[in-house]
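Keep in mind that what you see is a predicted model, and the values were worked out from it rather than measured.
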Amino acid sequence: MNGSCHIWSTKGRVNLKNPDHNFWLMETDENETNNGLPPVVKRRIFFGREIGGADRKLIPMYQLKTRNYLGPTAMDAEMAFLMANQAQAAPGKLVYDPFVGTGSILVSAAHFGAMTMGADIDIRVVRDGRGPDCNVWSNFKQYGLPMPIGLLRADNNLPPWRPGLKEVFDGIICDPPYGVRAGGRKSGGRKLLKGIVSPYTVPDDKRADHIPSTAAYTLVECVHDLLDLAARMLVMGGRLVFFYPVLREDGSVETHFPEHPCFKLVATSEQMLSSRYSRVLLTMVKTSLYTEELALAARIKHLEFRENHLKWLENGNLHSSVFSPADAESGDSKVSKESKLKYRGKYV
């Protein structure tokens, strides 16, 4: 260690059975390959005192293969617990997921004792599921967890909250749709958004079975709307935790992330999914009260960020990096017509 080291001296006898303090020496291996991914870090050695530990028994208990109700984008149980920890989910706190899906993230937050609430634009997911015994509610029942206080059919682009309502949630945890396995949707439909047809009211006798029209919802819009929602609806000191996709270039990851005047970015954790594609778990803490002036400043900041860093997301480059012909990566310019798009990520 550069020719010098520090000796940690303690007084008293060593107790291996019931110690008051545990000290760990940890080493990261510098393997050339990591399941086909580039190495995370070079070889390092860490020494420190244990201040907390993970309950690894939770992983097999909550693993997705035994989950009652699953969807194609259900969050892996271990990752959901990490997200809930980052949001500091705990008894007495209210956690909200605006893209709730089958409720995987809220299940983890509920395990830590938090009250939960979710929303999704697909009413069939939050209302119907696959029947009375196979839906979001049944996932909470399966683990004996408190039920969510509410599941809403709501659009992140058009939040359902009444004007003036602020500072309700202690944490917002979500995995926004970024077009890899599922694209984002917002209310309106193409004809309505283009002004070809006028807004309409659904008759009362058809509302029960009505499926509202939706249109494509880019990640650019989604991130801006999410930050605005969190700035308005989180309490001071509340946490916003969400995944953000990035492309890896020359072995490095993009370091420019979305910003908002109401938030301070306190943690970034990269999950490599392929040699060219990652997603980063962003943890933000609300440090300023929401005002219309800050909302305007956030809009300007969003437009600047979109111009400088987000244009590639609008052009489908992320999808192209994840789903690309195998021959293209090997440098073969003669891509066969028979070659098919291959999925390059896992646990997305």
The reported gap from CG in D225 to CG in N156 (rounded to nearest 0.5 angstrom) is 5.5 Å
Separation between CZ (R232) and OH (Y290), nearest 0.5 Å, reads 3.5 Å
Shortest non-hydrogen pair, A216 vs K186, comes out as O-CE, 3.6 Å
Tell me whether the rings of F47 and F23 are parallel (<30°), tilted (30 to 60°) or perpendicular (>60°). parallel
Original post:
What's the verdict on side chain to side chain contact (heavy atoms under 4.5 Å, CB included) for I45 and L25, showing C-alpha distance, side-chain angles and the deciding distance?
Top reply: CA-CA 7 Å; I45 297 176; L25 183 69; 3.6 Å; yes
query = Stepwise, does the side chain to side chain contact (heavy atoms under 4.5 Å, CB included) test hold for F46 with W24?
reply = CA-CA 8 Å; F46 301 88; W24 289 82; over 6 Å; no
Item to complete: Say whether, by atom type as modelled, one donor and one acceptor occur between the side chain of Q86 and the main chain of M83 under 3.5 angstrom.
Response: no
Checking Q142 side chain against N68 main chain: does a donor-acceptor pair fall under 3.5 Å? yes
Short side-chain to backbone donor-acceptor contact, R49 and H21, under 3.5 Å: no
*Mark yes when over 12 heavy atoms from residues, nucleotides or ligands other than K264 sit less than 6.0 Å from its NZ; otherwise mark no.*
no
Note to self: Does Y62 form a side chain to side chain contact (heavy atoms under 4.5 Å, CB included) with E78? I'd like the steps, not just the answer.
What the structure shows: CA-CA 8 Å; Y62 284 91; E78 183 174 11; over 6 Å; no
Correct closest heavy-atom pair for S288 and L294 would be CB-CD1, 4.1 Å
| Connected via hydrophobic side-chain network under 4.5 Å: F263 and L265 | yes
Item to check | Parallel, tilted or perpendicular: ring planes of Y96 versus W161, cut at 30 and 60 degrees | outcome: perpendicular
task: Answer with yes or no whether the hydrophobic clustering places V95 together with M79; edges join I, L, V, M, F, W, Y residues whose side-chain heavy atoms lie under 4.5 Å apart.
output: yes
(message) Walk me through whether N157 and E221 qualify under side chain to side chain contact (heavy atoms under 4.5 Å, CB included).
(response) CA-CA 8 Å; N157 186 242; E221 289 182 277; 4.2 Å; yes
Q) Linking I/L/V/M/F/W/Y whenever any side-chain heavy atoms sit under 4.5 Å apart, do L94 and V107 land together? A) yes
Rounded to the nearest 0.5 angstrom, the CZ-CG distance for F140 and L106 is 5.0 Å
request  = For residues Y143 and H111, establish whether the separation of their ring centroids is below 6.0 Å.
outcome  = no
Note: G71 and T102 closest approach over all heavy atoms is N-CG2, 3.4 Å
How about L64 and S104: do any of their side-chain heavy atoms sit closer than 4.5 Å? yes
| Within the distance-only criterion (no hydrogens, no angle test), does the side chain of K93 pair as donor or acceptor with the backbone N or O of Q88 below 3.5 angstrom? | yes
Check: P148 and M117 side chains under 4.5 Å, non-hydrogen atoms = no
In this structure, CG of L234 is separated from CD1 of I172 (nearest 0.5 Å) by 4.0 Å
Using 30° and 60° as the class limits, which term best fits the ring planes of F242 and Y244: parallel, tilted or perpendicular?
perpendicular
The residue among M115, M233, R239 that forms side chain to side chain contact (heavy atoms under 4.5 Å, CB included) with F169 is M233
- Message: Taking CZ in R127 as the centre, count heavy atoms belonging to other residues, nucleotides or ligands within less than 6.0 Å. Is the count above 12?
- Response: yes
- Message: For D155 and Y217, which I'm curious about, is there any donor-acceptor pair between the side chains at under 3.5 Å?
- Response: no
One should read off an interatomic distance between M61 CE and L58 CG, to the nearest 0.5 angstrom, of 5.5 Å
Note: S138 and Y69 closest approach over all heavy atoms is OG-CB, 4.3 Å
Report task. Find out if a path of hydrophobic residues (ILVMFWY) with successive side-chain heavy-atom gaps under 4.5 Å connects M147 to I149. Result -> yes
Between C174 and the options V100, D97, V241, L229, the side chain to side chain contact (heavy atoms under 4.5 Å, CB included) test singles out D97
Q) Does a side-chain N-to-carboxylate-O contact under 4.0 Å join R279 and D175? A) yes
Requested in this report: Give the cluster check for M236 versus L227: same hydrophobic cluster or not, with ILVMFWY residues linked at side-chain heavy-atom distances below 4.5 Å.
Outcome: no
Closest non-hydrogen contact found for H260 with A231 is CE1-CB, 3.4 Å
Here the gap from M284 atom CE to K286 atom NZ, rounded to the nearest 0.5 Å, amounts to 14.0 Å
Closest non-hydrogen atoms of I173 and I105, given as atom of the first, atom of the second and distance, are CG2-CG2, 3.5 Å
